[in-house]
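This report refers to the structure that appears directly beneath it.
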Amino acid sequence: MSVEQSGYNLFVVGPSGTGRMTYTQHSVEKLASGRPVPDDWCYVNNFENPDRPLVINLPAGSVLRFQRKMETLLIDIGRELRATFSNEETEKKKRNIIDASQNQVEALWRETEMFASGLNFKLERTPAGIQTIPLFFGRPMEKEEYERLSEANKEKLKEREKQLEEKINETVYQIRKIEEQLRKNLDRFHKETAAFTIEGLFQPLKEAYRDFPKVLRYLEEYNHDVVEHFSLFLTDQEEGNAVVQALTGSKEQQLQRYAVNLLVSHKNGQGAPVIYETNPTYQNLFGKIEYRGAFGSWTTNFTLVKPGAIHMANGGYLILQAAELLSQPYAWTLLKRALQTGEIQIEDPFAERGAFPTSGLKPEPVPLNIKVIIIGSYYLYDLLSSVDEDFHKLFKVKVEFDTVMKRDAENRRKMAYFIKNYADRKNLLPFHRRAVAKVIDHSARLAGEQEKLTARFQDLTKILVESGYWAKKEGSACVDSHHIRKALEEQANRTNHISEQYREMIHNGTIMVDTDGERVGQINGLAVMGTRDATFGIPTKITAQTFVGKSGIMNIERETSLTAFRKKSPILKECEGANRTNE
């Protein structure tokens with residue numbers, strides 16, 4: 001577990017109940033406690049490409065402080081911008097820009113009106129448009145007066161009206177250019193004012209995070225985006241306009257672009273993290289992207305990115321059960337991909353199968369530095385070894401747990417420690433040394449050998465709990481050896497149904513067993529049978545049959561096809577020759 005090179009992940013194999021999980025967790029936690037605490041991680045908005053959120057790492061415990069500083073910054077920006085844009089000096093400068101443009105517009109209209117007067121026309125500006133009215137001796141011409149004009153005068157009037165319309169069109173074009181320039185001037189003035197207002201708010205943050213280039217780039221983009229969208233801080237969401245609010249979101253939702261999504265925090269961490277994921281689904285392992293419904297589709301943003309167990313264990317250790325891992329779709333394949341690429345990519349493998357369209361979001365991958373420990377059976381280890389060509393590249397260390405151990409002084413002492421610790425953890429009565437000795441003897445019986453002790457601690461814990469029950473029921477102050485015997489007897493009584501049936505059939509003569517006299521070619525034997533929980537012996541008659549065999553010497557191995565002789569030995573040849581002579 002201390003090897004830093006890639007591929008040295010562990011696969012722990014062995015029968016269930018041998019303490020694989022307990023020992024693995026204890027060993028990993030002991031090693032992890034001496035390792036450094038890994039960095040914190042968070043996601044922030046990518047202002048240039050919102051569908052690709054950026055990931056930022058900071059020292060342990062720093063992301064939470066960074067998040068709070070950014071929340072304070074957002075509040076300060078809103079307060080300062082509202083104060084600046086509502087003060088009298090800013091309004092005066094804004095009015096000067098507007099007045100200058102209006103003066104230019106009025107000058108153009110005066111020039112156009114003078115041009116119209118020279119052509120004996122009058123202009124009227126109405127909400128519906130601009131009207132040109134011909135004059136007759138300084139007053140608007142009546143329709144009857146126009147009808148009395150000669151055709152030549154009518155043509156001259158139309159020609160002058162056409163000249164005036166061209167002048168008006170030119171004036172309107174110039175006015176539109178002035179209005180466009182006014183909008184640009186106002187926008188530039190607003191942005192310059194906003195930039196000047198908030199410049200001082202970013203300086204303390206830039207100084208605090210000067211050693212983190214990625215944070216500095218984010219602050220620069222943050223500053224630029226606030227200047228571009230300064231109006232978000234000045235106006236409130238229109239009430240009653242449900243359509244606009246549904247399309248653009250509320251003001252709080254729009255300001256989420258400046259939030260910090262805390263992904264992993266090790267504020268109170270001590271050593272490297274150790275995560276045991278009991279339900280290793282894809283989302284539990286690699287995180288997920290949550291969605292919100294909007295107008296028949298699902299939308300999301302970087303604040304809805306949630307971490308998985310592999311994020312929490314990054315920089316430390318991740319423990320998984322092989323059977324649970326392999327039963328989840330995509331989990332094994334994407335775990336291999338993460339270990340091979342050294343990155344954690346959060347995505348939705350089921351997005352294409354959804355009934356409704358979803359908005360795409362692909363967060364920046366998180367660099368991965370992790371040690372994975374998988375616990376499973378020999379069968380699953382052999383299966384992965386044979387069908388997955390990448391398995392041995394990623395899990396180079398195999399750890400085997402045996403079912404027995406030596407019955408020496410050290411292991412007997414460790415067995416006593418195990419009994420003591422288990423009793424304390426489960427609130428059992430203390431065990432007398434006679435009870436401890438009885439448990440050790442039972443452990444040797446389970447191992448099937450006097451010089452061995454069983455490593456199936458699960459079988460021993462049942463005896464500890466049940467003997468503790470009988471001792472408590474008896475009112476004893478501790479668990480003694482007779483409580484152990486009582487627990488073993490009760491355990492045997494619960495599982496001896498089949499052996500009792502055989503014993504009953506022997507007693508009533510259904511199964512006949514001769515125990516007196518002699519029989520040629522017949523003896524009594526004992527067949528060991530049983531279930532998973534109990535074994536017992538059954539008397540069995542064993543018979544033998546004999547018959548006249550072939551003449552000569554017989555090679556047993558050849559007759560049973562265990563071996564084949566290509567060349568006969570000289571002794572065997574002489575024996576076969578002698579047999580033919582005798583015949």
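Applying the 6.0 Å contact sphere to CZ of Phe536 captures more than 12 heavy atoms from other residues, nucleotides or ligands. Sparse packing is recorded around NZ of Lys472, with 12 or fewer heavy atoms of other residues, nucleotides or ligands lying under 6.0 Å away. Around the CD atom of Gln450, the shell of radius 6.0 Å holds no more than 12 heavy atoms that belong to other residues, nucleotides or ligands. The number of heavy atoms from other shown groups lying within 6.0 Å of CD (Glu48) does not exceed 12. The neighbour count for Tyr378 OH, taken as heavy atoms of other residues, nucleotides or ligands under 6.0 Å away, is above 12. The environment of Lys396 atom NZ is dense: over 12 non-hydrogen atoms of other residues, nucleotides or ligands sit within 6.0 angstrom.
The line from CG of Leu361 to CZ of Arg52 is 7.5 Å long, rounded to the nearest 0.5 Å. Taking CD from Gln340 and OG from Ser6, the interatomic distance works out to 10.5 Å, rounded to the nearest 0.5 Å. Thr22 contributes atom OG1, which lies 8.0 Å from atom CZ of Phe418 (distance to the nearest 0.5 angstrom). Rounded to the nearest 0.5 angstrom, Leu384 CG and Leu325 CG are separated by 8.5 Å. Rounded to the nearest 0.5 angstrom, Ser443 OG and Arg412 CZ are separated by 11.5 Å. Of the inter-residue distances, the one linking Arg35 atom CZ with Met1 atom CE reads 10.0 Å to the nearest 0.5 angstrom.
Side-chain contact between Val12 and Phe401 is present, with at least one heavy-atom pair separated by less than 4.5 Å. Taking the side chain as every heavy atom from C-beta outward, Tyr317 and Val372 never approach each other to under 4.5 Å. Between Leu216 and Lys214 the shortest side-chain heavy-atom distance does not fall below 4.5 Å. Annotation: side chain of Val63 is not in contact with side chain of Trp41 (no heavy-atom distance under 4.5 Å). Between Ile484 and Phe431, the closest side-chain pair of non-hydrogen atoms falls below 4.5 Å. Put simply, the side chain of Arg485 does not reach to within 4.5 Å of the side chain of Trp470, judged on heavy atoms. Side-chain contact check for Glu343 versus Arg337: every heavy-atom pair is 4.5 Å or farther apart. Between Leu262 and Leu64, the closest side-chain pair of non-hydrogen atoms falls below 4.5 Å.
Side-chain atoms of Asn314 do not come within 3.5 Å of backbone N or O of Leu368 as any donor-acceptor pair. The main-chain N or O of Gly537 is never found under 3.5 Å from a side-chain atom of Tyr502 such that the two would form a donor-acceptor pair. Not one N or O on the side chain of Ser33 forms a donor-acceptor pair closer than 3.5 Å with the backbone of Gly271. No donor-acceptor distance shorter than 3.5 angstrom exists from the side chain of Tyr218 to the backbone of Asn46, with no hydrogens or angles considered. The backbone N or O of Asp382 sits less than 3.5 Å from a side-chain atom of Ser386, completing a donor-acceptor pair. A donor-acceptor pair under 3.5 Å is formed between the side chain of Thr495 and the backbone N or O of Gln491. Judged by distance alone, with hydrogens and angles left aside, the side-chain atoms of His483 form no donor-acceptor pair with the main-chain N or O of Val479 at under 3.5 Å. The main-chain N or O of Ala60 is never found under 3.5 Å from a side-chain atom of Asp40 such that the two would form a donor-acceptor pair. Listed for the Asn284 side chain is no donor-acceptor partner under 3.5 Å among the backbone atoms of Ala309. Without hydrogens or angle criteria, Asn496 side chain to Ser499 main chain gives no donor-acceptor distance under 3.5 Å.
Taking the six-membered ring where the residue is Trp, Tyr258 and Phe47 present tilted rings, their angle falling between 30° and 60°.
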| Would Glu207 and Arg210 satisfy salt bridge (Lys or Arg N to Asp or Glu O under 4.0 Å), going step by step from the backbone distance to the final call? | CA-CA 5 Å; Glu207 182 65 24; Arg210 63 180 181 273; 3.0 Å; yes

| query | Does the pair Arg494 and Glu466 meet the rule for a salt bridge (Lys or Arg N to Asp or Glu O under 4.0 Å), with working shown? | reply | CA-CA 13 Å; Arg494 294 195 302 269; Glu466 294 175 20; 3.1 Å; yes

| task | List the steps and the verdict of salt bridge (Lys or Arg N to Asp or Glu O under 4.0 Å) for Asp51 and Lys362. | result | CA-CA 6 Å; Asp51 291 339; Lys362 191 174 183 180; over 6 Å; no

| message | For a side chain to side chain contact (heavy atoms under 4.5 Å, CB included) check, start with the C-alpha distance between Leu205 and Phe66, then their side-chain angles and the critical distance, and finish with the verdict. | response | CA-CA 9 Å; Leu205 291 172; Phe66 176 68; 5.8 Å; no

| task | For side chain to side chain contact (heavy atoms under 4.5 Å, CB included), just list the numbers for Leu394 and Lys336, CA-CA rounded to whole Å, side-chain angles, deciding distance to a tenth of an Å, and then say yes or no. | result | CA-CA 8 Å; Leu394 300 175; Lys336 289 196 310 176; 3.8 Å; yes

| task | Using the side chain to side chain contact (heavy atoms under 4.5 Å, CB included) rule, take Leu304 and Asn301 through it: C-alpha gap first, then chi angles, then the decisive distance, then the call. | result | CA-CA 6 Å; Leu304 299 178; Asn301 58 58; 4.0 Å; yes

| request: Check step by step if side chain to side chain donor-acceptor pair (under 3.5 Å) holds for Tyr43 and Glu364. | output: CA-CA 8 Å; Tyr43 273 109; Glu364 182 183 3; over 6 Å; no

| request: Show the numbers, then the answer: is there a ring-ring contact (aromatic ring centres under 6.0 Å, His included) between Tyr330 and Phe286? | output: CA-CA 11 Å; Tyr330 303 104; Phe286 298 95; over 10 Å; no

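Scanning all heavy atoms of the two residues, the minimum distance from Ala471 to Cys478 falls at CB-O, 3.8 Å. In this structure, Thr303 and Lys306 approach most closely via the heavy-atom pair O-NZ, 3.7 Å. Considering every non-hydrogen atom in both Gly78 and Phe233, the closest pair reads CA-CD2, 3.7 Å. Taking both residues in full, the closest heavy atoms of Thr18 and Asp402 are given as CG2-O, 3.9 Å, listed atom of the first, atom of the second, then distance. The two atoms that bring Leu429 and Ser476 nearest to each other are CD1-O, 3.5 Å, heavy atoms only. The heavy-atom pair separating Phe302 from Gln256 by the smallest distance is CZ-O, 3.4 Å.
Between the side chains of Asn279 and Thr281, no donor-acceptor pair of N or O atoms lies under 3.5 Å. The closest side-chain donor-acceptor pair between Glu220 and His224, if any, does not fall under 3.5 angstrom.
Of the candidates Lys486, Lys438, Arg434, Arg434 is the only one forming a side chain to side chain donor-acceptor pair (under 3.5 Å) with Asp480. Each of Leu460, Leu446, Ile440 was checked for a side chain to side chain contact (heavy atoms under 4.5 Å, CB included) with Leu453, and the lone residue meeting it is Ile440.
Ion pairing of Asp441 with Arg407 is present here, as a side-chain N (NZ or NE/NH1/NH2) and a carboxylate O approach within less than 4.0 Å. Salt bridge absent: Glu221 and Arg217 never bring a charged side-chain N and a carboxylate O closer than 4.0 Å.
Within the 6.0 Å centre-distance limit, the rings of Phe202 and Tyr222 are counted as a close aromatic pair.
Annotation: ring-ring contact (aromatic ring centres under 6.0 Å, His included) contacts of Phe391 (sequence neighbours excluded): Phe11, Tyr381, Phe395.
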